[in-house]
Structure formats: C-alpha cells, structure tokens
Amino acid sequence: MAEDTILSTSGLTKEFAGFTAVNSVDLSVRRGSIHALIGPNGAGKTTCFNLLTKFLAPTRGSIVYNGRDISREKPAEIARLGLVRSFQISAVFPQLSVLTNVRIALQRRKRGDSFDFWRSERVLSELDAEARSLIEAVGLTPFLGLTAGELSYGRKRALEIATTLALEPEMLLLDEPMAGMGREDVERIAALIRKISKNRTILMVEHNLSVVASLSDRITVLARGQVLAEGDYATVSKDPRVIEAYIGSGGGHGHH
Amino acid sequence: MTDLASTDAPAAIVTETDDGAARLHRNLFIAIAVALVIAPFVAYPVFVMKVLCFALFALAFNLLLGYGGLLSFGHAAYFGMASYVSAYTAKNWGLTPELAILLGTAVGAALGLVFGALAIRRQGIYFAMITLALAQMVFFFSLQTPGFTGGEDGIQAVPRGKLLGLIDLADDRVLYWLVAAIFMGGLLLIYRVIHSPFGQVCKAIRDNEPRAISLGYRASQYKLMVFVLSATLAGLAGATKAIVFQLASLTDVYWTMSGEVVLMTLVGGLGTVFGPIVGAIVIVAMQNYLATLGAWVTVVQGVIFVLCVLLFREGIVGVISKAIRKPL
Ligand SMILES: Nc1ncnc2c1ncn2[C@@H]1O[C@H](COP(=O)(O)OP(=O)(O)OP(=O)(O)O)[C@@H](O)[C@H]1O
Ligand SMILES: [Mg+2]
C-alpha cells in the first residue's frame, strides 16, 4: 500500500478555539488517481487543504507525502516538493497580465529563486512560448494582454489552473476549480483535468456532483470535519448517511 | 450563470511594461537627463539638489510600498542614520565625500537588514507599527548620543571636501553634478529592480502573497531583500543630503520625515516609477515657497494629504498613467 499511496494523513485534526473543523481524518490518496473530497458547506474541506499544504498547522495528526513526513514543513517547501494547490477564492495576481501570471509559475519551476534584481526581465521572455500554450489550453488566449484583475470570475479560475499547471506538479489540490464557471467552461476544464491527470495525482474539492461522478476514481465524503464515507461514486451516492448529510445541511447539491 | 459576462473589475492600475511602454520610458529617461542638465541654470542648484535627494528618498520608499506592498512608517531611520554617519565621518574622520556617502549608505543597508528581518515577520498594520517603533528607537538613540549626533544642534559645518581627493565640491555648481549622477544612478537601479525577474516576484507577492507562496516562493526572503534595497537607497539619499547641506540633524531621523516621504509618494503616484519624483518636486517646492507661512506649511501639507487620499488616490502620475493606459 505504501508504494501506491502518494499522500496520506493519520488522525489529522484542526481545532479553532475549541471548534473542531477537521476531526481525526485518515485520508489516503492513490498515486495517479483523481480523488474527490466532497461534503456540505462547512464540512472542513478547505481546512483540510490548508492543512495538507501547511497554510495551517495541524492541532494533531501527521501528513506523509511521497514517504516523507511533511507535518512540520513550510508552505513554500510543500510546493517545491511537487504538491501544489489552488484556492477556493480565485487566486491570481490581479495587477499582472494574464501572461505574467502564468510566467511567474514557470519562472519558479525553471529558474528556482529569482533574486537577480540586476538583470532585465527580458531574460524571462524565453518562457513566453510555454506560458502561451498553457493559456491556450484553458482558453484564455484572447485575454493574454489583460491584467488578471480585469478577467471575469470564471476566467480567473481558468487562469489559476493554467498557473498551477505551469509548475508541472506531481500532485494537485484543486479547491472547487469549476465554481462560478459557465457550462462550456466546466466542460473545458473537466476535459483538461482528465488530460493532465495522465501522469499525476489530483485531489479535488468540487460541489458539481456530475463532474465528480465523471472524473473521480475515488470519493471521500466529509461532514462536520469527519470522514463519513469513502469509495467510488456508485457506492458513496447510495450511502444513506451521505444522503442524509447532504439533505440535512441543505448546503450541498443533493442531485446527480 | 455565464462567464462570458462583462469583466468584474474596472481598468486596473497598469504596472506592466510592454514594448510601447518601454519606448515611452526610454524617452522619459532622456527627458529627465536633459532636465537635469538644464535645471542648475534655471533654478538654484541647492534647491534642485534638495529636490533630487528627496526624490531619491521617495523613489526608495516607493520601491518598498509600491512594488513590495510593504508600508514602512520608519524610513527616516535609514535616511537619518545614513545622514549622521556621512556627516560624522566627513567631518571627524576627514573622509572624502564619496567615501562618507558610501559609508552612510552601507549603514542604511545594515540597519535595513536588521529592522527588515524583525518587521517582515508581521503583516499589514503590524508591520508598519514595528517599523515606526524601531525608527523611534533610532531617534531616541540619536537624541541620547550627542557625542556622535551633536544632539539638538546636529552635526554642522560638514566639509564637502574634494571628490576622490581631487575635485573641490565647495561650489554648488560642481557638487550639483555629483548629486545629479547619484540621483540618476539610483533611479536607473530602481527601474531595473522593478523590471527584473526579482521585481516580477515582488509584484506577485504584493498582489497575492499566499498564492506566491503556494507556487513555491519563499516570500519572506523576497520581502527582506526588497526592504534592504529600499533602506540602502534611502540611506544613499540621506548621506548625500548631509554633504549637500553640510548638516545632519534630528529632523532627518524624526518621524515627520517618515511621514513626508509617504506624502511625496502618494502625491506623485504610488506604484508608478516616476511618481515619487513629481511628488518630491511638489512637496519640496511647496515647503520652499510657502516657508513664509511658518507652521502653516504643515497644515497645507495635511490638507493635501487628505485631498490625495480622498479624491486623488492614484496621485499625479497615477492619474496620467491611467489616462494614457500605459505604466509610468
Ligand atoms: N481560520 C478559521 N478560524 C475559525 N474557524 C474557521 C477558520 N477556517 C474555517 N473555519 C471553520 O471551519 C469550518 C470548516 O470550514 P471549511 O472552509 O474548511 O469548509 P468547507 O468544507 O471548505 O466549506 P465550503 O464548501 O463552504 O467551502 C467552518 O465552520 C468554518 O467556519
Ligand atoms: Mg471550502
């Protein structure tokens, strides 16, 4: 099992001033799979992501990534280990152009640190071609010259995905990548996720259950910070506790 | 919901340089160089030198706030301490002016490294408060060590000396060229920093620090580096100022000096390359021409500050930049 597992947690717990947002979660993500993390609003999905990428320190529990205990690492180091996240609230660099947004990520992957303040930014233009092709893949080519802040919400999400992909991460954590997108874009991004999942692992939070059903190999259902159920879509969607949690909270989307 | 709906943000502040903007900038640099050559013939050289020192100070401050997103309320510390060191070593050690200025600048850099390392552990207003508190400590240190700073009197009658031991700088019109060269060098350096691979990362961290971290950038190292660069250039401005006015005093390390540089930057245009220069010209000119008003100058400055924040957020150059849709 250890060889197959890229990321696992044991007893992962986060308490905020007495309130337990994530409660003793044991998660195991198989290498090369698309794993969905679903659950009603406030279930603790984003908090889980924050713990996995070290944006929050766990109260208890441990996280092992690629056989390495990362429970005490810093967030920037997690990214350098190949575990890269996106954010639920779209995270772009608003005053930078669409092209530069993606190039910033390429810059990190190809050049490592950029402390060279004496060099012209023209040295970065060698990254432009690759940045453009990533932007093409998410359908943002017409908006190349705009600043990211000028994009609509759905396009910001697409840009964020292109930026994340620029790092060629071994594992991606996507927090609601399709939220706020139109149908057409949802399909484009779903196809893109399927395509990029060929040689990497994806852990994804998504409320759109039809997307979850069609994309994911395995689903973990979280409710009130705890794992409620786990399995493939057919198993999970029939689980009475899952149905109850969704209807009970009124938060998620109980249809499929 | 359709995502082909209109964009959700109005025209954002333009901070990126395309080819057209690069050409515009080159022309502006030529214009500035020409203005520097003409200036001492149409205005008092001492006045122009004062403007240049403060413009360099504001440029340094703007590098930190406009491009690093870090609001320092204690930049007087680097400006003032460098000014003391430059004045002291020129007067008491008999250093040539270029060495005195270099030493002052180095002290500004060292102070920036220590204070920056302490301050960048905190964000936003806490960061600003720490920089202010540390600068106040420098002020009290200056007050308590009259042997070094001359206390209330400051260090007066600082000799301008001979550049490289050769060129006598006593004449304002000779010293002017040194100051103009220092200013131009500082401006070019800042321009390069802003438009370097390092500058790109700084802008990304300014825009969205968690995202930059999630891409693997160790944000605090970049923040410290831009802080030190800014403190160094503020030190260069202060050290040069001490030689120009042959004086270093408590005014240079007082918190109002930190406030003035914020004002210059805001008036000229925060986050624009050339704004701080315009801001410095406006504020220094105002202080000079309204000097007869005495304490009222402060009131006028306060009113300008309030107007700026309320009506004129982008500052003079920021407004122009937006109008022509080109970064300036
Ligand atoms: N920094 C924090 N301080 C206190 N409480 C928090 C903090 N972050 C999250 N919480 C709480 O933890 C719980 C889980 O939040 P989380 O954002 O992880 O939910 P989620 O499953 O991502 O929900 P959604 O589907 O709405 O995004 C919520 O009740 C939230 O209010
Ligand atoms: Mg969430």
Residue selection (most heavy-atom pairs with chain A, distance under 4.5 Å) from B/N208, B/L189, B/L215, B/V201: B/L215

Winner by heavy-atom pair count (cut-off under 4.5 Å) against chain A, out of B/A219, B/P210, B/C202: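 Result: the option with the highest number of such pairs is B/P210.
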
Where on [X] is there a heavy atom nearer than 4.5 Å to chain B: the side chain, the backbone, both, or neither?
X: A/R109; result: neither
X: A/L124; result: side chain
X: A/S120; result: both
X: A/F115; result: both

Aromatic plane relationship, B/F54 with B/F57 - under 30° parallel, 30 to 60° tilted, over 60° perpendicular: tilted

Parallel, tilted or perpendicular: ring planes of B/Y222 versus B/F198, cut at 30 and 60 degrees: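 B/Y222 and B/F198: parallel rings.
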
Side chains of A/L81 and A/I70 in contact at under 4.5 Å (non-hydrogen atoms): yes

Under 4.5 Å from any heavy atom of chain A - which part of B/A212: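 Both the backbone and the side chain of B/A212 come within 4.5 Å of chain A.
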
Counterpart residues, salt bridge (Lys or Arg N to Asp or Glu O under 4.0 Å), relative to A/E187 (two or more places apart): none

Summary of salt bridge (Lys or Arg N to Asp or Glu O under 4.0 Å) pairs that have at least one residue in residues 217-227 of chain B, sequence neighbours excluded: A/E77-B/R218, A/D113-B/R218, B/E209-B/K223

Note: A/E170-A/R31 ion pair, threshold 4.0 Å (strictly below):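 Counted as a salt bridge, because a side-chain N and a carboxylate O are separated by less than 4.0 Å.
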
Partner chain B: residue of A/F55, A/W118, A/F93, A/F87 with the largest heavy-atom pair count (under 4.5 Å):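 Result: the option with the highest number of such pairs is A/F93.
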
